[in-house]
Amino acid sequence: MRPSRSPAPRLLAAALAALSASALLGCEALKRPAETVTEAPPPDGGVQLESFEQAWRRIDETYPYPDFKGLDWAAVRDELRPRAAEARTAAELRPVLQEMIDRLGESHFAIIPAGAYDRFEELKEKVQEAGDSDSEEAEGHDEGLLGTSPFGDLGLELRVVDGEAVVFRVEPGAPADLGGVHPGWVLERIGGLETAELLEAAETAEAEGDHMARYAAQFAMAGALLGRPGTKIELSFRHGGDGRAEIELTRREPVGTVFGFGNFPETLVTFHEEVLPGTKIGYIRFNTFMFPVAGPFTEAVTRFVAQEVDGVIVDLRGNPGGIGGMVMGMAGHFVSEPGRSLGEMKMRTAELRFVANPRADFQRFDGPVVVLIDELSASTSEVFAAGMKDAASARVIGTTSAGMALPSIIESLPNGDRIQFATADLTAPDGRRLEGLGVEPHEEVPLTREALLAGRDPAVDAAVAWIHAQR
Amino acid sequence: MSLTTRFRPTRFAPVLAAALALSAGPAAAQEAAQTQAAAAPSAEKILQRAHEASGGPAAAKHENRVQKGTFSVPAQGLSGSFTTYSAPPNHFLNVIELAMMGQMKQGYDGETAWASDAMQGPRVLSGDELDNLLAEQQFDSDLGKVFPNSETLGSETFDGHDCWKVSLGMASGNDAIGWFDKETGLLRGMERTMKSPMGELPVRITIGEYETMHGMKVPTKTTMAVAGMQQVMTVDEVMVNVKDMPSFAPPAEVQALMKDQE
């Protein structure tokens, strides 16, 4: 070690560069600022203008395309600065900042209000306004039974199928299962919130150019189902026979790991693995690319290798992304050749590749692999799917992914809000840009209500069939 | 950054335009730069002075060293700690603890350079990444050994310090630019390109503070600009001649990988 220049800075730079360069891809649910969140620090016009300047400057410094693809970024600043100068609170500045980042027309740019990490209080407030029973005045409410986590859930997962909010999964033993909810049922109302109204508004917004509206609507519905454990929520369903059911469910304690990383809000990380019943096929599903998943993923694949399974399915449907660098370690469980590219990241000052880091034999599965994706698979999920398609010859099944795959970072602004901004562009190993286009599956297998009502998952069925055909 | 920075075409562009009428412009500027470089000490002398100013000769007598500190990426709310263990000639183990991520480890035991973390998985290092790593792990802190092909470029202010700017050339061809304080002889900053299987990343390192520890000048506050982000490192403690040093050998997951590659 040289006293005048410790190796630690360089080693640390190398390690943190890998982390920070891969950055965090995802969390589109954070895109839109809320209207009813807690206020930021006391009003100060100087702080708001300072926040505007910092937000503009950081994007100016890091946007991967110096020419801003023809957008006059300096002119955007000049145009909006007078309005920013008039803002006296963060709430007044947010629309100005939102308009600024909207000019870029890309994902992974968002203004996150200072109180937004208490988003479940925000959602609770909205649901309460709509007449939901999730309130302290709700009949049957027992303060002593209430948990403190905001991630209490029902074990219920939704998807939009043919324009309707349909129950996709019901976890065995979870409140939704015990309440008699079944896949394929249409969720018509969440408390007082009509899902059809929300989805119609999202379709209109998409038609008007907001290409993330449908995505955001689905995550908004998912968020509305969450709340403090022990609280109740009324759901209205149209079930298989077109009859209706009004069911009151009580949220349970979260199942998973609550994980926060840097400026990103805490999220509940879930992981599931099994050998599919009646098959010798390993199945892995997790809801986000965060560090708590890494160890279980390695353990699952190691076990599948030992069990000599016929194939492995990695289900990334509904996974909005997370830490991009994780694809390198995880893809290494299926790729034997060192240095295989999983995609390229173009930053302002550098171009980096995500490369697969092969694992030892006993931790690496060399047989048929299927990656499942859908329209809610975003960001790191898309990098993984596209990379595995090329590097591991994985079969990709499902529906085209979200097309939101820009590496981004989140920074604090002086006024207490935070800004998420993309610092790179991403292309698949074949050179195809992922942003706006997504990953196209080899096999397009959408969900159907009929299949769900029959207890089937068409994409998993297709994956099993393909794996068996490889034998 | 390469040696062409000496000529800095963008700075000379307006001068060049004027040179159509006043043809001495660029030539005069170049001559001034050469004169400046000619007055500067040789890179060999600058690096030798840095070695002595940092307590290098005394440090070379240590059996081993342990350095502990913290780091942060303030704008992103990330923080953690690091511990670096090192022993001659260039063996080391670096352990980074990042909140909520666990450990990132990197090491070299004289035979194998390796890395392992939850994000990238276990790796055996090779190629440019290995060359750079080994070249920099000189326990005796002699920069002249690390950068044998160096050249003084001239004077420049770096982070408020009047410095000698030096092109630092490694035998492998992986170069850097260093700024050495004229008053103290110490390294004040460096720019280089980090190479790894992921590609190349420019890094700018600024050494803000030094403290004397065990007869050495230790950079206790270092800022790095990487991939558009600022990272701050603070060294809190340095120990020498420590008993019970950990092993620098690859951990089990890396050894399993190595066995497959045999």
Side-chain angles (χ1 to χ4, degrees), chain A residues 1-23 58 61-62 259-264 290-291 294-295 298 323 325-326 328-330 332-333 338-339 344 347-355 357-363 409-412 423-424, chain B residues 50 53-56 59 65 67 69 71 73 75-78 82 84 86 92 94 96 100-102 104 106 117-123 136-139 141 143 186-187 194 196-203 205 207 216-219 222 224 226-229 231 233 235 253 256-257 259-260:
Chain A
M1 184 178 74
R2 295 181 300 283
S4 62
R5 191 173 73 82
S6 162
R10 187 195 177 281
L11 294 172
L12 186 60
L16 291 181
L19 177 65
S20 56
S22 67
R58 288 299 284 140
E61 289 170 349
T62 59
F259 180 79
F261 186 66
N263 283 342
F264 268 71
M290 289 288 173
F291 296 127
T298 293
I323 297 172
M326 288 185 67
M328 295 187 283
M330 293 169 86
H333 288 294
E344 292 205 356
M347 298 182 288
R348 175 74 67 87
T349 55
E351 291 185 14
L352 295 180
R353 287 187 310 279
F354 291 108
V355 294
N357 295 320
R359 300 290 181 136
D361 285 350
F362 76 101
Q363 293 183 320
I409 52 181
I410 295 181
E411 287 187 356
S412 298
T423 56
Chain B
S54 61
R65 274 193 292 274
Q67 191 178 72
F71 68 88
V73 187
Q76 293 188 60
L78 294 174
F82 70 88
T84 299
S86 54
F92 76 93
N94 196 35
I96 298 167
M100 304 305 287
M101 180 183 172
M104 301 174 77
Q106 201 175 37
D117 60 72
M119 187 172 64
Q120 299 186 78
R123 295 187 300 133
E136 291 186 349
Q137 298 311 312
Q138 294 300 321
F139 189 80
S141 82
L143 283 175
L186 295 168
L187 181 70
M194 289 193 318
S196 74
M198 285 183 72
E200 300 183 356
L201 262 183
V203 179
I205 298 170
I207 301 173
M216 306 177 295
K217 284 288 189 187
V218 177
T222 305
M224 287 173 288
V226 183
M229 285 176 286
Q231 303 165 7
M233 274 188 57
V235 173
E253 66 271 19
L257 203 56
K259 196 174 175 186
D260 284 350

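As the structure is a computational prediction, the values presented were derived from the model and not from experiment. Below, chains carry the letters A, B, ... as their sequence lines are ordered, and counting in each starts from 1.
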- Nearest heavy-atom pair of B/Leu257 and A/Ala360: which atoms, and what distance? CD1-N, 3.3 Å
- Which distance, rounded to the nearest 0.5 Å, do you find between the OG of B/Ser196 and the CG of B/Leu201? 7.0 Å
- Query: Which answer fits A/Glu61, side chain, backbone, both or neither, if we ask what part of it has an atom under 4.5 Å from a heavy atom of chain B?
  - Reply: neither
- B/Val218 versus B/Gln67: any side-chain heavy-atom pair under 4.5 Å? yes
- Structural part of A/Arg58 lying under 4.5 Å from a heavy atom of chain B: side chain
- Item | Contacting moiety of A/Pro338, where chain B heavy atoms sit under 4.5 Å | neither
- Item | Engaged part of A/Thr349 at the chain B interface, taking heavy atoms whose separation is under 4.5 Å | both
- Closest approach of B/Met198 to A/Met328 (non-hydrogen atoms, all atoms of both residues): SD-CE, 3.6 Å
- Determine the option with the most heavy-atom pairs under 4.5 angstrom with chain B, choosing from A/Met330, A/Arg353, A/Glu344, A/Arg359. A/Arg353
- Task: Working to the nearest 0.5 Å, report the span between CG of B/Asn94 and OG1 of B/Thr84.
- Result: 3.5 Å
